[in-house]
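Structure first, then comments.
Every heavy atom of this structure was used, including side-chain atoms; hydrogens, water molecules and symmetry mates were not. Numbering of ligands and ligand atoms starts at 1, following listing order.
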Amino acid sequence: MSRTDLLPVRVHSVTYEAEDVRSFELRSPGGGDLPRYTAGAHLDVLLPGGIERSYSLLDQGLESYRYRIGVQRSATSRGGSAFMFDGLKVGDIIEVTTPSNSFELFEDAPLSVLIAGGIGITPLWCMVQRLEQLGRRWQLYYATRTRERAAFLEPLRQLESRAPGRLVTVFDQEPGARMLDLQAIVASHGPQAHFYCCGPAGMLAAFEAATASVPASQVHVEYFSAAQAPARGGFEVMLARSGTTLFVPDDKTILETLLARGLEVPRSCMSGVCGTCETAVLEGEPDHRDQVLSERERASNKKMMICCSGSLGPRLVLDL
Ligand code: FES
C-alpha cells in the first residue's frame with residue numbers, strides 16, 4: 001500500500017493575503033503542467049514528521065502550470081500551518097497529493113448561495129470565479145472577525161461592483177457588527193438555490209440547522225475539522241487481502257494501528273473530513289464518526305473512514 005498520488009512541487013511564491021493568511025503558489029519543479037482540478041477542490045501537503053494537511057485550491061483550475069493554496073495560521077497549530085508560515089521558503093520542494101474534490105460545485109444551479117467564515121473563503125472564492133466564468137448567479141456571505149483578516153476581499157469587491165448586492169460582508173468583532181443570520185439567509189432564496197458553506201464548526205452547525213428542510217442535494221458543506229471524537233479500539237480488524245488480523249487497542253484508531261504496524265494507508269486529514277482513508281467493509285458494523293458519508297452510506301455499512309471510525313462489534317473485516 002504505497003502512495004501513488006504524490007507530486008513534487010516547488011514553492012514559487014508566498015503572498016500576504018490578509019492578517020494570518022498567506023497564499024502559496026506551487027509549480028512543477030520541471031516546469032511542466034500539473035493535473036487539473038475543479039472548483040472546490042483541495043490538495044494535501046506532506047509536511048515533516050508525517051503531518052499532512054488539506055488546503056483548498058484557489059483560482060479556477062484553468063492555469064495548468066501552477067496551484068495556489070490559501071493557508072491561515074492557526075493559533076493552535078499542531079505543526080501544519082506553523083510550518084507553512086515559518087518553515088517553508090520560496091524555492092523549497094515539497095510533496096502534495098493530486099487535487100481531489102469533496103465539495104463540488106453544481107454548475108447548473110440557477111443561483112449558488114455561498115457562505116464563508118474566515119479561511120473558509122478559499123474554496124468559495126474559487127467557486128465565485130468559476131460561476132463568473134460560466135455567467136451563473138451567485139451570492140456570497142463572508143464573515144471574518146475583522147476586515148484585516150478578510151482574504152481576497154479586494155477582487156471580490158471588484159466583481160461585486162459589476163453587479164452590486166452579490167457580496168455581504170460581516171466583520172463580527174468590529175463595533176456595531178451583527179452575526180450572519182443563516183436562517184434568514186436560507187429562507188430568503190428560492191427553492192432552486194444551492195447552498196454552500198465552509199467555515200468554523202459553529203458556523204457549519206448553524207448552517208446545517210438552517211438548511212435542514214432544504215433537499216440534501218442542494219446543500220454542500222466543507223468541513224475542516226472533526227465534529228466528533230474518534231472512536232477508539234478494543235476490537236479486531238482482519239485485513240482481507242493479506243489475511244492478517246490486528247487488535248486495535250483502546251488508545252488507538254484503526255488507522256493508527258495500521259501505521260504502527262508499518263502499513264502504508266492513504267490518509268490526509270486524520271479526522272474524518274476528507275474521505276482519503278475510505279475503506280470498504282466486508283464484514284462487521286462500523287461505529288461511524290466521519291463527516292464524509294451520507295446517512296444512507298453509513299446505514300449500508302459498506303465503507304468507513306478508518307482514521308476516526310471504529311467498530312460496534314468485536315470484529316471488522318476490511319478490504320485492505
Ligand atoms: Fe481524512 Fe480519514 S484521513 S477522512
Return a table of donor-acceptor pairs under 3.5 angstrom between the side chains of residues 311-320 and protein atoms on other chains or two or more places apart.
| from | atom 1 | to | atom 2 | distance (Å) |
| --- | --- | --- | --- | --- |
| Ser311 | OG | Gly313 | N | 3.1 |
| Ser311 | OG | Gly313 | O | 2.8 |
| Asp319 | OD1 | Arg241 | NE | 3.1 |

- [ ] Please report the closest heavy-atom contact between Thr253 and Ala231, naming both atoms and the distance.
- [x]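 So the minimum-distance heavy-atom pair works out to CG2-O, 3.9 Å.
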Task: Pair Glu256 + Arg232: basic N to acidic O under 4.0 Å - done: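 Looking at Glu256 and Arg232, the cut-off is met.
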Show the atom names and distances, to 0.1 Å, of all donor-acceptor pairs under 3.5 Å that link a side chain in residues 167-177 to residues at least two apart or in another chain.
| from | atom 1 | to | atom 2 | distance (Å) |
| --- | --- | --- | --- | --- |
| Glu174 | OE1 | Arg147 | NE | 3.2 |
| Glu174 | OE1 | Arg147 | NH2 | 2.7 |
| Glu174 | OE2 | Arg147 | N | 3.0 |
| Glu174 | OE2 | Arg147 | NE | 3.2 |

Task: Contacts of type side-chain contact (heavy atoms from CB on, under 4.5 Å), residue Asp250, not counting sequence neighbours - done: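 side-chain contact (heavy atoms from CB on, under 4.5 Å) list for Asp250, sorted by chain: empty.
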TODO: Keeping waters out of it, list the protein N, O or S atoms under 2.8 Å from atom 1 (Fe) of ligand 1.
DONE: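 As for protein N, O or S atoms lying under 2.8 Å from atom 1 (Fe) of ligand 1, they are Cys269 SG, Cys274 SG.
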Task: Name of the residue among Trp138, Phe103, Phe106 meeting ring-ring contact (aromatic ring centres under 6.0 Å, His included) with His194 - done: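 When Trp138, Phe103, Phe106 are each tested with His194, the ring-ring contact (aromatic ring centres under 6.0 Å, His included) holds only for Phe106.
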